Each structure stands twice: as structure tokens, then as C-alpha cells.
Amino acid sequence: MSRSSHTQALLGPELYKKVRETKILVVGAGGIGCELLKNLVLVGFANIEIIDLDTIDLSNLNRQFLFRKPDISKSKSLVAAASARHFNPNSGIKINARHGNVKDSENDLEWIAGFGLVMNALDNMDARRHVNRLCQAANVPLIESGTAGYLGQVTPFIKDTTECFDCVPKPTPKAFPVCTIRSTPSEPIHCIVWGKTYLFGKLFGEDDEDMDTEELDKAKAGGENAEEIENLKKEAAAFRQVRKNLSAEGGPLSVFHKVFNEDIQRLLAMEDMWKKEGRVKPVPLDYDTIMDDSFTVPPLRVAPAAQPANGDKSNGKAKPAALLRDQKELSLKENLELFLDSCKRLSARAVAFPDTPLSFDKDDDDTLDFVLATANLRATAYGIPNKTRFDVKEMAGNIIPAIATTNAIIAGLIVMQSLNLLNRIHSSSNGASSSAPDVPLRNVFLRSEPSKPLGAFIPQNADPSCSVCRDVYVPFKVDLAKCTLGNFVQDVVMGWLNGTEFEKKEDDEEVEWTVFEAGRLLADPDFEDNHERTLEDLDVKRGKILTVRDEDAKYRPIHFCVCEPAADATTPFTLPCAKPTVPLAYVQPEAVRDSSEEPEIIESVPPQTEPKDLPSTTAGVKRPAPEDDQGDEAKKRKITVVDDDDDFEIL
Ligand SMILES: Nc1ncnc2c1ncn2[C@@H]1O[C@H](COP(=O)(O)OP(=O)(O)OP(=O)(O)O)[C@@H](O)[C@H]1O
Ligand SMILES: [Zn+2]
């Protein structure tokens with residue numbers, strides 16, 4: 001009996017044929033991706049492409065079991081494919097492994113259209129959104145997945161049948177008030193966020209004065225203490241000077257003195273600030289007394305009974321005999337030394353690469369050491385418990401421990417979803433109903449409820465206002481070196497689109513269209529400066545999108561997705577035979593007005609001010625590009641739980 005006969009019997013000949021023939025794309029060869037690839041191979045999927053941009057790290061080996069120690073530093077996708085093949089040898093399975101970013105330009109609309117089904121096994125929102133858009137544009141079903149600790153989710157997205165990834169609002173990152181972070185922290189996380197997003201940025205990151213002022217003005221307008229905000233503005237200005245001197249002899253020590261002594265003294269002088277109930281005054285730190293062990297550590301605000309002696313953070317608890325280095329709590333003196341040393345290391349890097357601002361990375365020891373020491377020194381000053389390197393890495397890096405079993409369950413569910421989708425695709429493509437029972441599409445989730453670990457709900461319909469799945473997409477096969485913008489405007493916008501709803505004229509009025517590429521305005525009826533230039537010259541590349549919009553935003557935008565020219569093309573570009581139907585743009589229903597309310601009388605209309613963030617055009621600034629992402633609209637939809645590397649936000 002052959003290895004596949006059970007599967008064939010279980011799935012039936014029709015579905016098994018689909019399994020063998022459908023070209024599958026797996027994006028990501030990490031925790032879920034490895035499990036998934038093994039499952040696909042075992043079920044008998046025979047035409048698989050897997051892409052991942054990363055190489056194997058030691059920390060992956062505990063759960064990404066297609067990898068072994070000798071594979072460290074090798075390409076994840078190549079090794080995963082090589083290992084997975086062994087699970088079902090001699091079965092004619094083809095795995096095309098690619099080491100690269102799914103966002104690379106060669107991964108365009110045509111590429112994605114070559115797959116029958118796409119499965120995401122990613123770890124970040126940006127790549128997920130990119131694949132979602134490609135799948136919507138090419139009308140390829142996508143199975144999205146994610147895990148966070150014991151939780152997980154598998155969701156099918158099918159154009160015009162279900163919502164898409166971007167229809168679903170995402171949870172906003174955890175936010176903290178500015179003053180809590182900058183002046184009155186009360187928890188370890190406040191100190192970590194301060195070290196990571198504030199002090200690190202001030203000393204080594206991009207120093208954006210305008211952004212800083214804007215943030216503080218916003219906080220003031222939002223009702224935070226005005227005097228304190230002014231104080232913080234002065235403090236920020238002083239940092240610019242400190243930053244300049246950081247690499248000089250004694251630079252790190254002067255930063256320590258400014259941040260942990262002078263700035264705290266200044267805060268203490270603001271008497272009103274400390275009258276508020278629950279506020280605990282910080283204690284300025286002093287280099288000399290910390291170093292000679294005579295500094296009196298302020299009592300912990302939450303555990304006043306335990307008054308640890310200087311440097312002894314054990315709180316009387318017995319220490320396990322052999323703690324790992326990262327799990328040991330540092331003494332105050334050790335934190336101070338680490339602060340000075342990490343400052344020195346980072347400022348040397350800043351001097352060596354002055355044009356590359358540094359950014360925090362949990363896996364970059366210099367940056368982690370800096371945040372660890374900074375957070376602990378600040379915590380000590382405010383009577384807040386210190387954290388170990390292990391804790392700080394987890395908190396600053398937003399790490400949710402990955403659990404191999406969760407990944408395995410989710411990968412199994414992805415395969416179940418794929419079988420259901422293939423069944424449906426099959427029955428709808430030949431018009432006949434499938435012999436298989438019509439199983440409805442479901443979003444499946446894993447929860448930490450032992451008696452009922454799996455749950456499911458029916459996916460919602462697409463959000464009519466979604467700026468991803470409701471727009472129109474057209475493959476645009478073009479020789480970028482031969483096609484000018486003028487060709488595109490004349491032959492595509494005013495020619496090919498003629499006759500579509502988009503180009504219908506009312507009362508002989510010309511349709512006011514615009515052509516954008518990302519945020520850049522390339523052309524409109526009054527802006528012809530770039531018509532002579534080729535698309536290549538205008539830096540339009542394969543994988544990019546030329547978007548045509550009508551100025552009144554009456555219709556949905558039309559996105560021309562730039563693809564390789566057709567092999568036998570005799571013209572600069574080729575378009576599909578069928579022109580698209582361009583639907584009307586979604587209009588938010590007007591809120592029901594309370595008729596008893598008197599209308600508001602506006603006496604004078606304030607003069608229109610220039611929008612602040614005008615996008616650049618190729619030939620100067622013209623008009624703002626419409627916001628691509630309307631995702632912030634308050635939509636009362638179910639929030640998807642997907643793990644992500646999203647950051648904290650400071651309000
Ligand atoms: N744009 C992208 N293109 C291709 N692969 C991507 C892209 N973004 C992320 N990935 C891959 O998706 C995979 C996600 O797997 P996983 O969530 O297990 O992350 P990991 O990096 O392996 O583990 P950890 O983050 O816990 O160290 C990773 O292998 C990552 O390289
Ligand atoms: Zn959508």
C-alpha cells in the first residue's frame with residue numbers, strides 16, 4: 001500500500017488531485033512555517049514555494065524543528081525545504097525555496113497570481129498587509145495565521161467572499177501618558193519605555209526636535225501639567241548639547257549626572273507636582289557615593305517593609321544557586337558601570353557611522369545593555385523594583401514566548417482550512433457542486449480554555465470602506481524604459497479607461513483624474529511636466545503601483561500594478577482584454593441628526609491653511625496624496641489577534 005493511499009481515501013480523488021496540483025505559497029519559514037511545511041509535505045501537496053528573508057538563529061532551534069545546530073546562519077527557507085522533503089520522499093514533491101523578502105519587487109502581481117493558495121506564517125504586520133494586498137489584487141485566496149503564547153488564529157481571506165486582513169481593525173499598541181514616562185514613572189515598564197524610546201533616541205537615535213515639540217504640545221493640549229511640559233521642553237533642548245559631547249572623555253558620566261541627578265533635582269523643585277496623591281518623589285543618584293557603596297538606596301514604593309541595603313537587591317529572598325547571567329539582578333553599582341560602558345560603546349558606533357542613527361534592537365547587546373542599565377537606574381531613583389536583563393529583553397522587545405505546541409496546532413488548522421478552501425474553489429470553478437459537504441468558511445481560534453480550546457466564527461463580509469479589498473487592480477505589463485508617463489496618461493487613463501464608469505462625463509465636464517505612485521503625484525490634467533519622461537526615469541519599478549483617482553473621489557481608485565513586460569510584446573505595455581468595472585466610492589451614511597437641535601451658526605470660515613505634510617511630486621509640491629490607509633476609522637468589527645513586533649505608544 002502506498003504512503004498516500006490513506007490520504008487519497010480520506011480526501012477523495014477530486015480533492016486529492018487538487019492537493020497534488022495546486023501551487024501553494026508559504027510565506028515565512030519560522031515557528032508556524034516549519035510546522036506547516038512538514039504538514040503540507042505529509043498530506044501530499046506537491047507544488048510548494050516557500051520564501052523567508054531570514055537566516056537560522058540559535059534561539060529558533062527550540063521550536064523550529066526543521067533546523068539543527070549545524071544549520072545556524074544558513075537560509076531558513078532553503079534548510080526548511082531540504083529537511084521537509086525527507087518527510088515524504090519519492091513522492092514527486094517539488095519545493096521551490098527562496099531566500100528573500102516577500103516585498104521584493106520581483107514578487108509582483110503576476111508572481112502571486114501564479115499560486116492557487118497563499119499561506120502566511122509571518123511575524124509582522126507590514127509583511128502581512130503586503131501579502132494581503134497582493135492576494136486581493138490577484139484574487140488569490142489567503143490563509144492568515146498567528147500565535148501569541150497559548151493563543152492562535154487561522155483566518156481565510158477570499159476576495160468578494162470574506163473581509164480581508166485590512167478590513168479588520170487591529171488592536172492599538174499600549175499607550176502611556178507623556179508625563180508618566182518622562183516625569184512620574186511608577187512601574188518598571190515606564191522606566192523601560194523611557195530608556196528605550198526617550199533617552200536612547202535623544203542620545204543615539206534620530207533627533208527630531210519638531211516631533212518632540214509636537215508631542216509635548218499635544219500632551220499640554222490634552223490637559224497634562226503645563227509647567228511640567230515647559231520643563232520637559234528645556235530638558236530636551238539641553239540634551240542636544242549633551243549628545244554633542246558624548247564621545248568625549250567623561251561624556252557618559254556627564255550624561256549620567258545630567259539625567260539622574262540634575263534633571264531629577266529640577267523635577268523636585270516643582271513642588272506642585274508632588275502634591276498629587278500617590279506620587280513618590282524621586283531621589284537624585286550620585287556617582288561618587290554609589291561607587292564607594294555609601295549611597296542610600298530609596299525604599300521601594302510598593303514594598304516599604306523591605307529596605308534593601310545598598311547594592312543588595314535580594315530583598316531577603318534566597319538566591320538560587322546557579323542563576324543564568326541574564327536572570328541575575330544587577331547591583332546599583334553594576335547598573336551604573338553598565339550604563340557608562342554601554343554609552344561608550346554606542347557613542348563609538350555613532351561616531352563611526354554618523355549618518356546612521358541607531359535604534360533599539362532586543363538582539364543588539366549594546367542597545368539592550370543601555371536600556372537595561374538606564375531603566376534600572378531610573379527605577380532605583382523612583383523606588384521601583386529593578387528588572388533582570390532577561391525581563392528587560394522581554395518587556396522592551398515585546399516578546400511573547402513562542403510555544404511550539406501552539407504553532408503545531410495552528411499549522412494543523414491551516415492545512416484543514418486549505419482543504420476546505422480547495423474543495424470550494426474546485427466546486428465553484430467548474431460550476432458543479434462538489435461531492436464533498438459544503439463546509440462553511442470559518443475563522444478558527446485557539447484559546448487557553450482547557451475544556452474547549454478551539455473556537456470558530458463565520459468571517460464577516462468585506463468592509464465597504466476598506467481601501468485595500470474594495471479598490472480596483474489591473475495588471476500593467478510594461479517596459480518601463482520605453483513607456484513614458486505621457487503614454488500612460490494618453491493611452492491608459494484617457495484611452496483604455498475611456499468607456500468605463502470612471503471616465504463617464506457628466507454635463508460635458510472633463511473628469512479630473514490624478515495619477516499617483518505611492519505618495520507622489522505624477523500627473524493630472526493641469527500638471528504635464530513629467531509627460532516626456534519614461535516611467536523608469538520617474539523611478540517607477542516592477543512591483544510598484546500607479547494609482548488613478550478621480551479628483552472628486554466619486555469612484556474607487558484604480559491601481560495599475562507594474563509587472564514585467566509580456567515576452568512577445570510589440571508595444572510598450574499590455575493590458576488585460578477586459579476593462580474593469582469601477583465601483584462608486586463608499587460614502588459613510590450620514591449620522592442621524594437630532595432634529596430638535598438648532599443648527600450651529602458659523603460666523604466666519606477660517607482661511608484654509610496649507611496641509612502640513614504635502615507629499616513630494618517629481619516636479620515640486622502639488623497636492624496631498626489621499627491617505628492610503630483608512631484603517632483608523634472606528635469600525636465596529638472583530639479585532640484580529642495576531643502577534644506582532646508593534647511598539648509601545650506614548651500619548
Ligand atoms: N517580509 C518578509 N519576507 C519574508 N519572510 C519574512 C518577512 N517578514 C518576516 N518573515 C519571516 O517570517 C518568519 C516568522 O516566524 P516566527 O514568528 O517564528 O519568527 P522568528 O523570527 O523565527 O522567531 P523570533 O521572532 O521568535 O525570534 C521569520 O522566519 C521571518 O524571517
Ligand atoms: Zn478589506
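Since this is a predicted model, take the numbers as computed values, not measurements. Atoms within a ligand are numbered from 1 in the order they appear, just like the ligands themselves.
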key: For atom 8 (N) of ligand 1, the option (of T147, N124, V102) bearing the nearest heavy atom   =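 Answer by nearest heavy atom: N124.
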message = Regarding atom 17 (O) of ligand 1: of the candidates D123, D52, D363, which has the closest heavy atom?
response =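 Heavy atom nearest to atom 17 (O) of ligand 1 belongs to D123.
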Location of contacts on [X] toward ligand 1, heavy atoms closer than 4.0 Å:
| X | result |
| --- | --- |
| N60 | side chain |
| A402 | neither |
| K103 | neither |
| H130 | neither |

Would [X] and [Y] pass as an ion pair if we require N to O under 4.0 Å?
| X | Y | value |
| --- | --- | --- |
| R129 | E144 | no |
| R470 | D463 | no |
| K362 | E394 | no |

inquiry  = Using a strict cut-off of 2.8 Å, how many protein N/O/S atoms surround the Zn ion (ligand 2)?
reply    =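 Near the Zn ion (ligand 2), the number of protein N, O or S atoms below 2.8 Å is 4.
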Row check, F165 ring normal vs K170 NZ/CZ: under 6.0 Å, within 45° =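 Yes, a cation-pi geometry holds between K170 and F165.
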key: Listed once per pair and sorted, the salt bridge (Lys or Arg N to Asp or Glu O under 4.0 Å) pairs that draw on residues 406-415, sequence neighbours left out   =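 Salt bridge (Lys or Arg N to Asp or Glu O under 4.0 Å) check on residues 406-415 returns no pairs.
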D365: which of R325, R389, R349 passes salt bridge (charged side-chain N to carboxylate O under 4.0 Å, His left out) =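 Only one of R325, R389, R349 forms a salt bridge (charged side-chain N to carboxylate O under 4.0 Å, His left out) with D365, namely R389.
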ask   = In chain order, what residues pass the salt bridge (Lys or Arg N to Asp or Glu O under 4.0 Å) check against R345, with sequence neighbours excluded?
value =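 Testing R345 for salt bridge (Lys or Arg N to Asp or Glu O under 4.0 Å), a comparison that skips the adjacent residues, returns D341, D366, D369.
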message = Working note: L42 + V415, criterion side chain to side chain contact (heavy atoms under 4.5 Å, CB included); need CA distance, chi angles, decisive distance, verdict.
response = CA-CA 11 Å; L42 284 173; V415 175; over 6 Å; no
Please list, in number order, the atoms of ligand 1 under 4.0 Å from a heavy atom of [X].
| X | value |
| --- | --- |
| Q64 | 18 (O), 20 (P), 22 (O), 23 (O) |
| R63 | 23 (O), 24 (P), 26 (O), 27 (O) |
| G28 | 12 (O) |
| G31 | 15 (O), 16 (P), 18 (O) |
| A121 | 12 (O), 13 (C), 14 (C) |
| K76 | 20 (P), 21 (O), 22 (O), 28 (C), 29 (O) |
| A127 | 1 (N) |

query = Do R442 and N420 have side-chain atoms, one donor and one acceptor, less than 3.5 Å apart?
reply =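 Judged by distance alone, the side chains do not pair up.
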query = Do L61 and I56 pass the side chain to side chain contact (heavy atoms under 4.5 Å, CB included) test, and can you show the C-alpha distance, the side-chain angles, and the key distance before you say yes or no?
reply = CA-CA 8 Å; L61 302 187; I56 297 158; 4.0 Å; yes
query = Hey, does the side chain of D108 reach the backbone of W111 with a donor-acceptor pair shorter than 3.5 angstrom?
reply =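 Checked: pair present.
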request  = Please identify each residue that fulfils side-chain hydrogen bond (donor to acceptor under 3.5 Å, both in side chains) with T547, with sequence neighbours left out.
outcome  =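 Partners of T547 by the side-chain hydrogen bond (donor to acceptor under 3.5 Å, both in side chains) criterion, ordered by chain and then number, come out as H559.
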